[in-house]
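Comments concern the structure below.
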Amino acid sequence: MNQNALTNTTVRYWPLLLCLMLFSGCASESVDDYPDRPITIICPWSVGGATDRTSRQVAVFLEQELGVPVNVINATGGRGVTGHSRGLNARPDGYTLAVITGELNMLHWQDLTSLTYQDAVPIISLVDGAAAVFVKDDSPFHSMQELQDYVKQNPGKLTATGTASGGIWHLALAGWLDFSGLNADDIKWIPMNGAGPSLQELASGGVDLVCCSLPEAKTLFESGQVRCLGVMTEEPLAEFKDVPTFKSQGMDWSISGWNGLALPLDTPQPIVEKISSAMKKITSGEAVVQDKTFPEFMQAAGLSTRYRADDEFAGFLKSNDQTLGKLLTSDAFRQMSSRGTGPLVFPAMLAVASCFILVCLAVQKKVHALAPDVSSETVTSQGIVNTILVLLGIVAYLLFAEKLGFILTAGAILFLLLWKFGTRWWMSALIVVCFVPGIYTLFAQLLRVPLPRGLLGW
Amino acid sequence: MESFITALQNLASPEVLLVIFLSAVYGLFVGSIPGLTATMAVALLIPLTFYLDNLTAIATIVTLEACSIFAGDIPTTLVRIPGTPSSAAYTDDAYSLTRQGLHETSLGVSLVFSVAGGLFGALILILAAPLLAKIAFQFTTYEYFWLYVLGLSCAAIVSTGSRLKGALALMIGLMFSTVGLSEVHSVPRFTFGFDELFTGINFIPAMIGLFGLSEVFRNCLTSKTDEVAEKLESAHIKEDDHSLWKHLKPVFGGVLPQLWKRKFSWFRSSCIGSTIGMIPGAGADIAAWISYAVSKKFSKTPEEYGKGSLDAVGDATSANNSALAGAWIPALVLGIPGDSVTAIVIGVLLMKNITPGPAIFENPDQLVLVHGIYLTFIVANLLLIPLGFLAIRSGAQLVRVPRRILMPLILMFCVVGSYSINGSYFDVWVMLGMGILGFFLEVFAIPLGPVVLGIILGSQLEQSFVQNLTKDDSFLSFFNRPISAGLGIFCIALWLYPLLMPLLRKKEQVAN
């Protein structure tokens, strides 16, 4: 009787569920209702850095302006390839915003990606951090001129770092060397994972110079552990007015790291305009969160800003791309990137070590011994079938989740697995109905972790 | 002293205590879900800190971090999915204890030793932060290279079964770490056209696959799927007494004597954790592995390690929790992130117009904040005891669920957890591939822990190696600095010991 009642209940509610699904599906496609669900910002750099902090502050203000949750995902690695690809190749529905940085105009010149600024709909530029050169407090150098003179006399002696090989700060220093009539490799660049580790390396005496932006070195600079020889700006920075500019030292060379907000190409124009309008309001100081405006937050964080919106940002992207391309395709840089320990040296060492270990194991004749835990248990034909079902379940999820969405895909797969594993079908259905929406609520709503949204918008 | 009292008063307000309590619950909740990390939880919390005052914002993060690291032990023990990389060191021990019906005892040891380790780390932070930061300042790429080698060597040495198989597992992990575009090279390796592989292989889906999914496979293949649950069910019926002690006993009974009996090893592990934790970039992962290795070395029952040793669980959890406070030392004194969580904290401090650095200890207003952080570490760890107990009791219900129902649910969490890190389907493929690999590695009795550590530390090892060669072509430069020379000699001695020992024994036999 209970079983029949449950069946009747399910049948009775099915049409209602179907209507809800269809209605929800229609709603998710409407541009006029944008936005009606959480937005994600893809940040190509790791948590804690300048771009990440900028992204999260934008998220807080956008959330207030647009009325929906705004999450930040750090898609790090690949020197920016991963994050820029994720952001700009996302579905152009306005629910994925991309933070783009100077690396977007560098990576394709280095043949690391096919993405260019033309794959982005620019919204607004945010941070513009000029490069600066730092030395340790006990360093003999007190100006860029002294440094230049020393390098001329001692090429290849000094070491410098600040970011990965071929990164923006590397370009800044190498370009200055080129500007000074020196070779790009007269100062050895030690690639590192960003300004934080680089500054520690400098403070511990591991390198002679660090090239990065002033805000990144603010703590060590203000505590006197490092000294700044110069910054590549037109005028001294307001927050660091004692630091001389390169220009004031007779060196009219400058380069800066920047970031900004963009949308994937083909995003509908009304959505672009809505986000652009919100960002203009935020950057102009009209929007207030906790009695502070966005520009005030950025200044407190020590982040230099330069707001360029829409066409102005697009124009900047184009000229920046040309400038960086000119540098990266010059003889000095092409030659530079091929130096140093080759990329296959370390894997080769690992391969040799692995072969050595395998030979030792073969000598000991232990390679084919089975683990006790497995050999003591009986493998059954039903077990093999179950294992194959698990594999097929995962593959099915991978193939269908993007189209159908998390709830439908996970629900169907979970039901089939439970049923095939020997659970009664009604118990399987009950577990699916309870767990799948529960997990969706847990991840997508409470924890604000994005899950696949299919045609129904779930 | 006045600032200390002020910090105490600020922290004692009901509003702040409520926020700390909620952060603790949130941290336990997020930390116990595979795929979600402490860093992720802190990052998700950042928008909220905009609306909090300085002390409350930092207290929130400190509490969340302390609780979520312990929470990672819960899935490690119950369903063999490490919640954090540092849990990978003792996954086999913790899960073996569950299969023996001792999951609550194992988690009880995790909880008590985590709190003890966390309090020890907080004590070190309070007493000696500015002084110890100067030591952290001695570490360059040379010192880091040997530290990574030491951590990786410990993973191979402590492996269950053959050390050679441990070393082989390590090589497999290191091989995976070479995938993608590293910071020290200009060309990507082994990406086969996938943009997602530029990042390299993310260790979290790899870890979920190696441990969690391979366990699902193993359970599916064997016919005794409900044996453990049935045993526990019958055991549970016998103890149907509802008194409070009956609930406390499985978790805490025997643990306090354990803590007292092992007070010296706890102290040793906590020192290891604090020391390694304060070196920027090195963290709870290395601390847990080295502590595990040292614990096994000095143990009277080393054969239990890897097969269900409470000593291993206690020592490793002490180390990884004491490392957390250590990471705050370079963050507060130098403004250099000790780990990914403190990288976020530095950003929060700057947004609040607070610049980390030595001055923070001299400015009275900011010193209140520093003392607030100290006190929060203590409050958070103490709060962990009751909340952790409740989490353990809740989680323990999982063991009673029949395997035929539990396995599909675990599978769903494996998939969702892998996806949620970066919102990437590629990570799910990685999880699937690693699950298959993990299953076959276990068939050949090759341990899985070293594979995980190899993936995590491999890229850093290679980077420091290439960085050092770029600075100076000579291998002698690896020994030029005092700390790197000491670490280097120690590592080489560690490698040669197992090779030379048999020779020495042969000589003794000949002499006899």
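All figures in this text were calculated on a predicted structure; none of them were measured in a lab.
Looking at Ile394(A), the atoms closer than 4.5 Å to chain B (heavy atoms on both sides) all sit in the side chain, from C-beta outward. Neither the backbone nor the side chain of Met298(A) comes within contact range of chain B; no heavy atom of the residue lies under 4.5 Å from a heavy atom of that chain. Contacts of Ile431(A) with chain B are made by side-chain atoms alone, with heavy-atom separations under 4.5 Å and no backbone atom involved. Proximity to chain B (any heavy atom under 4.5 Å) is shown, for Leu202(A), by neither the backbone nor the side chain. For Tyr144(B), the part lying near chain A is the side chain, with the backbone staying farther off; criterion is any non-hydrogen pair under 4.5 Å. Contact of Gln200(A) with chain B is made through backbone and side chain together, with heavy-atom distances under 4.5 Å. Of the atoms belonging to Ile73(A), it is side-chain heavy atoms, and not backbone ones, that fall under 4.5 Å from chain B. Neither the backbone nor the side chain of Leu170(B) comes within less than 4.5 Å of any heavy atom in chain A. For chain B, the nearby parts of Thr387(A) are the backbone and the side chain; heavy atoms of each come within less than 4.5 Å. At a 4.5 Å heavy-atom cutoff, Ala217(A) makes no contact with chain B through either its backbone or its side chain. Contact of Ala203(A) with chain B is made through backbone and side chain together, with heavy-atom distances under 4.5 Å. When heavy atoms are compared at a cutoff of 4.5 Å, Val345(B) does not approach chain A at all. At a 4.5 Å heavy-atom cutoff, Ile172(B) makes no contact with chain A through either its backbone or its side chain. Heavy-atom distances place the side chain of Leu411(B), and not its backbone, under 4.5 Å from chain A.
Under a cut-off of 6.0 angstrom, the local environment of CZ in Phe435(A) is sparse, with at most 12 non-hydrogen atoms contributed by other residues, nucleotides or ligands. Counting heavy-atom neighbours within 6.0 Å of Gln299(A) CD, excluding the residue itself, gives a total of 12 or less.
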Intermediate values then yes/no, side chain to side chain contact (heavy atoms under 4.5 Å, CB included), Leu409(B) and Leu414(A): CA-CA 8 Å; Leu409(B) 293 177; Leu414(A) 186 62; 4.0 Å; yes
Should Val466(B) and Phe346(A) be marked as a side chain to side chain contact (heavy atoms under 4.5 Å, CB included) after you check the CA-CA gap, both sets of side-chain angles, and the distance that decides it? CA-CA 9 Å; Val466(B) 175; Phe346(A) 192 70; 5.7 Å; no
Apply side chain to side chain contact (heavy atoms under 4.5 Å, CB included) to residues Ile436(B) and Leu391(A) and explain how you reach the verdict. CA-CA 9 Å; Ile436(B) 297 172; Leu391(A) 289 167; 3.9 Å; yes
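Among Ala410(A), Ser354(A), Ser428(A), Gly83(A), the residue with the largest count of heavy-atom pairs under 4.5 Å with chain B is Ser354(A). The greatest number of non-hydrogen atom pairs below 4.5 Å with chain B, out of Lys420(A), Gln225(A), Glu222(A), is found for Gln225(A). The candidate from Phe190(B), Trp429(B), Phe139(B) with the greatest count of non-hydrogen atom pairs under 4.5 Å with chain A is Trp429(B). Of the listed residues (Thr159(A), Leu417(A), Val81(A)), the one with the most heavy-atom contacts under 4.5 Å to chain B is Val81(A).
Smallest separation of non-hydrogen atoms from Glu201(A) and Thr141(B): OE2-N, 3.0 Å. Across Leu418(A) and Pro408(B), no two heavy atoms sit closer than the pair CD2-CG, 3.7 Å. Residues Glu462(B) and Pro347(A) share a closest heavy-atom pair of OE2-CD, 4.5 Å. The two residues Arg481(B) and Gly205(A) have their closest heavy-atom pair at NH1-O, 4.1 Å. When all heavy atoms of Ser204(A) and Thr140(B) are compared, the pair lying nearest together is OG-CG2, 3.3 Å. Looking at every heavy atom in both residues, Phe421(A) comes nearest to Met407(B) through CE2-CB, 4.1 Å.
Atom OG1 in Thr178(B) sits 12.5 Å away from atom CE in Met349(A) (nearest 0.5 Å). Here CZ of Phe406(A) is found 10.5 Å from OH of Tyr419(B). Values are rounded to the nearest 0.5 Å.
For the pair Val436(A)/Met412(B), a side-chain contact is recorded, criterion being any heavy-atom separation below 4.5 Å from C-beta on. Contact check for Asn386(A) versus Arg404(B): no side-chain heavy atoms found under the 4.5 Å cut-off.
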